[in-house]
Amino acid sequence: MRRLNPKQAEAVKNIGNPLLVLAGAGSGKTSVITEKIAYLIRDCEYDPASIYAVTFTNKAAREMRERIAKMLGEELTTGLTVSTFHTLGLKIIHSELKNLPYQRGFTIYDSEDSISLVKEVLRIEKVSPDFADQFRWQISNWKNAMVSHDQALEMAENDLQAQAARIYKAYDDYLKVYNAVDFDDLIVVPVSLFKQKTEVLERWQNKTRYLLVDEYQDTNACQYTLVKQLVGIRGAFTVVGDDDQSIYAWRGAQPENLRLLVSDFPSLQVVKLEQNYRSLGRILKVANHIIANNEHIFDKKLWSDKGYGDPLKVVACDDPDHEAQKVVTEMLHKKFIEQASYNDFAVLFRGNHQVRTFEKAMRAHRIPYKVSGSFSFFSLAEIKDLMCYMRLVVNPDDDAAFLRVINTPRREIGAKTVELLRDFANRNRSSLHSAIIDHDVSEALPARSALRIKEFAQWLKDISMRSTKERGDIILKDIIRDVGYESYLTDSCKDIVSARKRMENIKDLIEWVENIEGENGEKTLEHQIAHLSLLDLLEKNEDEEANDKVQLITLHSSKGLEFPHVYMVGMEEDLLPHKSSMDEDGVEEERRLAYVGITRAQKTLTMTFSKRRRVGAEIVERTPSRFLLEMPQDELEWEGYNENKDPEKVRERGKAHLANLKNILG
DNA sequence: ACGCCGCGTATTTTT
DNA sequence: TACGCGGCGT
């Protein structure tokens with residue numbers, strides 16, 4: 001507690017009111033949350049099991065839990081909940097299963113599964129699958145905004161919207177048939193349960209003596225409702241957030257939840273954390289300056305007692321290759337001068353496609369680099385296959401899983417057979433598996449196919465039965481053996497090396513399954529698979545510390561990170577701010593994105609842009625980002641750009657180019 | 001069942 | 001330029 005500054009200490013000790021902590025970038029918000037939890041348990045003698053701390057990512061939850069465990073020791077933290085919103089939702093659903101229309105072993109559909117389900121609905125409704133992504137997006141929006149099927153239908157203003165509403169309902173009906181929930185449902189289902197059953201809500205309210213929410217500006221309407229429900233009128237909670245770092249409105253986050261807090265809880269107190277422990281003064285000055293162009297609910301100004309630092313560099317380049325070249329040479333120079341290591345550097349960009357150019361340049365100079373966020377363990381084909389097998393064993397009605405594995409490894413069940421089976425199941429309004437088990441499938445299929453299908457269904461039924469008693473990792477090993485997955489790998493992989501690699505991945509998966517434990521130490525597959533679906537097995541060998549690498553990362557995923565030396569690249573109009581977010585609200589979010597980027601830097605910040613860039617097929621002249629021109633020019637050092645930097649002029653030039661382009665294209 | 005070709009399209013990402 | 005997807009041919 002002694003390490004906290006007065007504001008932080010105030011935020012920790014204030015437990016009598018609903019509390020909003022406005023935590024600027026680098027102001028030590030994680031310390032506040034962890035110290036507060038420790039304070040509640042150690043000094044106020046709260047039962048750890050009555051404290052709930054909610055984050056958005058597994059990583060944040062993990063780090064928080066570790067820090068608290070270090071502070072208090074294992075005994076004092078048993079029962080404490082530090083989890084993501086979704087894991088908390090899952091926990092509620094699990095323990096209230098008897099009040100819900102789901103069976104044990106229900107499946108959690110990830111975004112890919114959701115898309116395929118939407119496609120399936122479209123197929124049945126005879127709508128072109130081209131719009132599956134848009135329908136999926138719309139459904140997700142409706143769920144996050146808590147719009148019911150009926151409301152969606154009522155609100156529809158044209159045929160397309162009405163159609164979307166019907167697909168929304170059909171989609172949810174199918175989820176029920178498959179005994180499955182999607183990611184959004186993990187929040188939606190508890191919220192609607194709490195709405196319907198007051199006694200259940202009260203039970204949870206009594207359990208929840210204190211609630212803490214991290215990254216509050218990223219909550220959507222549904223998540224905020226869950227928060228309100230859990231804290232009830234007692235309002236024993238702390239939310240921590242920063243409206244200036246709200247960069248996820250495009251996926252449903254509602255930064256206005258900050259404002260709503262004031263009206264929903266009149267006794268709300270606000271503590272601002274404005275002292276920044278990360279960056280040198282000049283960087284903060286530029287950051288403050290640029291974000292001041294946005295509308296604000298609460299004013300906030302970061303300050304630091306560290307030194308002032310060098311002017312920020314702005315480098316104009318000819319094209320992206322030149323840009324990458326510039327960054328690389330500048331970086332190597334700096335590394336030498338400052339005796340820095342590679343992991344002191346990060347390159348931040350707006351869109352993933354920008355990364356290629358930089359990868360190329362890094363490789364050419366033999367600079368070790370890491371592209372973060374690009375690798376997902378769950379996207380590996382072999383992991384997906386086995387995940388689907390496990391899902392299917394636990395929940396045979398999971399058609400998405402069924403379809404994935406029915407012919408993997410090959411069982412001579414081809415597309416035609418599957419097609420017939422799907423139609424048959426549709427006619428019976430049942431899942432694929434129950435169509436085979438509960439109905440006479442041989443009337444719809446040729447004898448040979450029917451036999452194959454029945455064999456598979458029978459195997460599935462048997463192993464399903466065993467899975468309720470047996471440990472999950474044993475079931476998984478049995479699956480691998482029964483279906484002959486290993487020989488399938490060695491047969492289907494070109495070389496033995498990649499087959500081995502895949503087997504290694506599978507071993508890792510088995511290990512993960514072994515290590516997941518249910519509430520009472522249960523290790524049934526049913527519990528393990530549910531948690532596994534929400535886990536991020538992103539960084540497989542996290543503590544394998546051969547990690548001196550330059551980070552190449554998007555602005556979005558850089559949030560929460562910090563680096564001594566930061567390069568923000570592609571600082572051009574139409575890229576940052578991105579051209580598809582040019583309506584007024586959109587530009588504000590883009591500005592916050594720039595703000596997030598700037599505030600990642602501890603010591604130096606270099607910003608680059610290309611004067612020319614290929615967009616689609618055409619090579620387009622580019623102008624520097626308006627954000628560069630909004631910055632206090634005294635703090636910047638421009639290189640390679642002598643044109644007029646008056647914002648009006650630059651914007652005009654941009655428009656002229658655009659008009660020119662339109663002329664050329666006719 | 002599989003592979004090839006041509007077409008259309010092109011932010012950001014977590015659970 | 002690149003990738004993903006649907007259609008078509010083997």
Side-chain angles (χ1 to χ4, degrees), chain A residues 54-61 83-91 108-116 119 123 128-133 137 140 143-144 181-188 214-215 218-220 222-223 246-253 319-321 348-357 360 372-376 378-379 407-418 492 530-538 553-560 570 572 574-582 586-587 589-590 592-594 596-597 613-620:
Chain A
V54 190
T55 66
F56 274 85
T57 63
N58 285 305
K59 192 171 161 226
S83 76
T84 62
F85 263 104
H86 291 83
T87 306
L88 177 61
L90 176 65
K91 187 174 171 162
I108 299 164
Y109 271 26
D110 67 16
S111 17
E112 253 179 274
D113 298 319
S114 300
I115 290 271
S116 347
K119 281 187 183 152
R123 202 178 63 101
S128 153
D130 293 3
F131 304 106
D133 287 351
W137 181 82
S140 186
K143 288 192 176 188
N144 290 158
V181 295
D182 65 17
F183 279 138
D184 300 323
D185 286 337
L186 290 173
I187 320 293
V188 172
D214 190 19
E215 303 282 15
D218 290 340
T219 51
N220 61 37
C222 198
Q223 288 158 337
S246 159
I247 53 174
Y248 286 114
W250 55 272
R251 64 174 200 211
D319 56 65
D321 284 321
L348 272 43
F349 38 84
R350 175 67 232 258
N352 269 319
H353 61 277
Q354 289 172 267
V355 81
R356 296 185 67 89
T357 324
K360 221 171 31 180
S372 33
S374 62
F375 170 79
S376 164
F378 287 111
S379 67
N407 203 25
T408 310
R410 302 272 113 92
R411 280 186 196 90
E412 298 181 284
I413 300 171
K416 187 74 201 166
T417 305
V418 172
S492 61
H531 285 276
L532 201 53
S533 308
L534 294 184
L535 225 52
D536 61 336
L537 278 36
L538 282 172
I553 192 169
T554 62
L555 285 163
H556 280 93
S557 37
S558 75
K559 194 169 77 163
E572 294 149 32
D574 291 352
L575 196 50
L576 183 72
H578 197 274
K579 70 161 170 305
S580 39
S581 38
M582 282 299 193
V587 173
E589 180 149 318
E590 297 288 304
R592 292 192 289 268
L593 203 46
V596 165
R613 184 182 294 271
R614 215 196 52 241
V615 179
E618 222 83 18
I619 300 225
V620 185

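Letters A, B, ... mirror the listed sequences (proteins, then strands); counts begin at 1.
- What separates NE2 of A/H86 from C1' of B/dT13 is a distance of 12 Å, to the nearest Å.
- Going from the P atom of B/dT12 to that of C/dC5 covers 16 Å, rounded to whole Å.
- Using a 4.0 Å heavy-atom criterion, one finds that A/D133 contacts no nucleic acid atom at all.
- No donor-acceptor contact under 3.5 Å links the side chain of A/S581 to the base of B/dT11.
- Stacking between A/H578 and B/dT11 is shown: the ring centroid lies under 5.5 Å from the centre of the six-membered base ring, and the planes differ by under 30°.
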Give me, pair by pair, the N or O atoms of the protein and of nucleotides 1-8 of chain C that are less than 3.5 Å apart, along with how far apart they are.
unit_1, atom_1, unit_2, atom_2, d
C/dT1, O4', A/R614, NH1, 3.3
C/dT1, O4', A/R614, NH2, 2.8

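- Looking only at side-chain heavy atoms (C-beta outward), A/L90 and A/H531 come within less than 4.5 Å of each other.
- Among the protein residues, A/D218 comes within range of no part of the nucleic acid, since none of its heavy atoms lies under 4.0 Å from any strand.
- Closest contact between the side chain of A/T554 and the listed nucleotides B/dT15, B/dT12, B/dT14 involves B/dT12.
- Side-chain N or O atoms of A/D182 include one that pairs as donor or acceptor with a backbone N or O of A/D185 at under 3.5 Å.
- Between the side chains of A/H556 and A/T554, no donor-acceptor pair is found at a separation under 3.5 Å.
- Considering only the side chain of A/R350, B/dT11 comes nearest among B/dT11, B/dT15, B/dT13.
- The CD1 atom of A/I108 sits 18 Å away from the P atom of B/dT14 (whole-angstrom rounding).
- Toward the 5' end of DNA chain B, the nearer of the two residues A/L186 and A/H556, judged by each one's closest nucleotide, is A/H556.
- No donor-acceptor distance shorter than 3.5 angstrom exists from the side chain of A/R350 to the backbone of A/L576, with no hydrogens or angles considered.
- Note on A/S580: a base of the nucleic acid sits closer than 4.0 angstrom, heavy atoms only.
- Both A/N407 and A/H353 lie close to DNA chain B; mapped to their nearest nucleotides by heavy-atom distance, the more 5′-ward contact belongs to A/N407.
- Phosphate proximity of B/dA10 to A/N352: absent, as no side-chain N or O sits under 4.0 Å from OP1 or OP2.
- One interatomic measurement links the two molecules: CD of A/E589 to C1' of B/dT11, which rounds to 11 Å at whole-angstrom precision.
- One can place CG of A/L555 at 15 Å from P of B/dT11, the figure rounded to the nearest angstrom.
- For C/dG6 and B/dT11, the C1' atoms lie 25 Å apart once the distance is rounded to whole Å.
- Closest of all the heavy-atom pairs between A/F349 and A/V355 is CZ-CG2, 3.6 Å.
- Each of B/dT15, B/dT12, B/dT11 was ranked by its minimum atom distance to the side chain of A/T84; first place goes to B/dT15.
- In this structure, the side chain of A/S558 engages the main chain of A/L555 through a donor-acceptor pair within 3.5 Å.
- Within the 3.5 Å criterion, the main-chain N or O of A/H578 finds no donor-acceptor partner in the side chain of A/D574.
- Rounded to whole Å, atom C1' of B/dT14 lies 14 Å from atom CD of A/E112.
- Per the geometry, CG belonging to A/D214 stands 14 Å off C1' belonging to B/dT14, to the nearest Å.
- For the OP1/OP2 pair of B/dT14 and a distance below 4.0 Å, the side-chain nitrogens and oxygens of A/N58 include no atom meeting the criterion.
- If you take CH2 of A/W250 and P of B/dT13, they are 6 Å apart, rounded to a whole angstrom.
- Across A/E589 and A/W250, no two heavy atoms sit closer than the pair OE2-CD1, 3.0 Å.
- One interatomic measurement links the two molecules: CG of A/N220 to P of B/dT15, which rounds to 14 Å at whole-angstrom precision.
- With hydrogens and angles disregarded, no donor-acceptor distance shorter than 3.5 Å links the side chain of A/D184 to the backbone of A/N144.
- Within 4.0 Å (heavy atoms only), A/T87 reaches no atom of the nucleic acid at all.
- At a threshold of 4.0 angstrom between heavy atoms, the contacts of A/D110 with the nucleic acid are absent.
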